[in-house]
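Below is one structure, written out as structure tokens, with a few remarks after it.
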Number of protein chains: 2
Amino acid sequence: MEQAKPNPDNKPAMDVFQAIADPSRRKLLEMLGDEEMPVTAISSHFSMTRTAVSKHLRILTDAGLLTERKVGRETRYRLEPAPLQELKRWLAYYDRFWDNKMLALQRYVESSDDSQTSSS
Amino acid sequence: MEQAKPNPDNKPAMDVFQAIADPSRRKLLEMLGDEEMPVTAISSHFSMTRTAVSKHLRILTDAGLLTERKVGRETRYRLEPAPLQELKRWLAYYDRFWDNKMLALQRYVESSDDSQTSSS
DNA sequence: TTGACATGAAACCTTAGGGTGTCATATACT
DNA sequence: AGTATATGACACCCTAAGGTTTCATGTCAA
């Protein structure tokens with residue numbers, strides 16, 4: 001048995017599926033996609049308390065969906081979209097169950113816009 | 001008699017995000033993708049009781065992810081992948097962040113007017 | 001009809017989860 | 001130094017969620 005609390009930022013302690021289950025957390029992700037924000041600024045967009053928001057931020061961070069960066073006395077959070085890939089992979093499994101015609105087109109589109117931009 | 005139960009199969013009572021948050025339920029979806037199955041057969045693959053499995057099935061059904069069909073004395077469940085589209089749409093929003101050459105540029109622009117304001 | 005099987009419903013238990021308020025600490029401002 | 005700001009850590013609360021057991025109902029097989 002290896003317990004030893006192995007949670008070195010890399011292996012999410014929190015399941016992504018569970019992390020995005022809460023509407024508030026999805027709103028947070030959406031909000032933090034465009035720009036990095038400190039906790040107080042973030043929580044001004046919610047009706048719940050700052051502490052509650054902070055907890056959600058923690059959960060998302062534990063899931064690897066946010067990165068935190070201390071700037072002076074504030075902690076700024078930003079979207080880290082990588083773990084969403086797991087979701088995407090999970091969803092991809094069910095592609096075959098959708099309408100197959102649409103699926104074929106969809107894959108085609110995805111594959112063609114995913115392989116470029118290899119500069120700078 | 002139709003008693004106007006405000007949940008006519010179409011508008012899920014249960015959020016898809018929440019429905020898939022539970023690992024057991026994801027396993028159920030996976031299991032019921034290939035073939036329709038009755039409850040007892042399904043629950044034989046789980047360590048929890050049949051009743052517990054039944055509850056999960058109910059939740060998934062309420063989320064529109066499963067359809068149930070009575071055959072004799074058994075109720076067979078089958079995957080209904082349609083609601084997963086909502087997930088896919090949600091994920092699609094974050095596509096722009098995955099390939100983030102463009103995002104890096106964006107951040108650079110943003111940071112030049114905001115985040116470096118603190119001078120030593 | 002009687003009995004076995006399949007399942008949902010109801011009552012209940014326990015824990016996790018989302019929320020609040022208070023406090024401690026670190027940084028910034030003057 | 002002294003105060004205000006930003007935030008995380010705690011200690012709690014309350015409800016929802018996952019789980020179990022028991023019971024009722026419906027269907028199949030003799």
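So that the names make sense, note that chain A is the first sequence line, chain B the second, and so on, each numbered from 1.
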What is the nucleic acid contact for B/Phe46, judged by heavy atoms within less than 4.0 Å: base, sugar-phosphate only, or nothing? nothing

A/Met48 to A/Val53 - nearest heavy-atom pair and separation: CG-CG2, 3.7 Å

Rounded to whole Å, please give me the gap between CG in B/Asp62 and P in C/dA9. 10 Å

D/dA16 phosphate, OP1 or OP2: any side-chain N/O from B/Gln18 under 4.0 angstrom? no

With heavy atoms under 4.0 Å as the rule, sort A/Arg25 into base, sugar-phosphate or nothing. sugar-phosphate

Among D/dG8, C/dG8, C/dT7, which is the nearest nucleotide to the side chain of B/Thr40? C/dT7

note: B/Leu66, atom CG; C/dG8, atom P; distance rounded to Å ~ 12 Å

At under 4.0 Å, does any side-chain N or O of A/His56 touch on OP1 or OP2 of C/dG17? no

In whole Å, I'd like the distance from the CD atom of A/Glu74 to the C1' atom of D/dT5. 10 Å

Tell me the interatomic distance from B/Lys70, atom NZ, to C/dT7, atom C1', rounded to whole angstroms. 7 Å

With respect to the side chain of A/Pro38, which nucleotide from D/dG18, D/dT7, C/dA6 is positioned closest? D/dT7

Quick one: B/Arg76 CZ to C/dT7 P, roughly how many Å, whole number? 9 Å

Using the side-chain heavy atoms of B/Ile59, tell me which of these nucleotides is nearest: C/dG19, D/dG19, D/dG18. D/dG18

Answer with base, sugar-phosphate or nothing: what part of the nucleic acid does A/Arg50 contact at a heavy-atom distance below 4.0 Å? base

Residue pairs, two or more places apart or on separate chains, that pass ring pair (Phe, Tyr, Trp, His ring centres under 6.0 Å) and touch residues 32-66 of chain B: none

Please report the closest heavy-atom contact between B/Met31 and B/Met37, naming both atoms and the distance. CG-SD, 3.9 Å

By nearest heavy atom, map A/Asp22 and B/Lys55 onto DNA chain C; which one lands nearer the 5' end? B/Lys55

So, are A/Arg76 and A/Glu68 salt-bridged, with charged N and O less than 4.0 Å apart? no

When A/Thr49 and B/Arg58 are each assigned the nearest nucleotide of DNA chain C, the 5'-most assignment goes to B/Arg58

May I ask you to say whether B/Arg96 pairs ionically with A/Asp34, meaning some side-chain N is under 4.0 Å from a carboxylate O? yes

Closest nucleotide of DNA chain D for A/Arg73 versus for A/Leu57: which of these residues is on the 5' side? A/Arg73

Under 4.0 Å between a side-chain N/O of B/Ser54 and OP1 or OP2 of C/dG8, yes or no? yes

Checking all strands, does A/Thr51 fall into the base, sugar-phosphate, or nothing category for heavy-atom contacts under 4.0 angstrom? base

Rounding to a whole Å, what distance do you find between A/Phe17:CZ and C/dA16:P? 21 Å

Tell me the interatomic distance from A/Asp15, atom CG, to D/dG18, atom P, rounded to whole angstroms. 13 Å

So, is B/Tyr77 near the phosphate of C/dA6, with a side-chain N or O under 4.0 Å from OP1 or OP2? no

From the options C/dT20, D/dG19, D/dG8, select the nucleotide whose nearest atom is closest to the side chain of A/Ala52. C/dT20

I'd like to know if B/Asp15 pairs up with A/Arg26 as an ion pair, taking the criterion as any Lys NZ or Arg NE/NH1/NH2 lying under 4.0 Å from an Asp or Glu carboxylate oxygen. yes

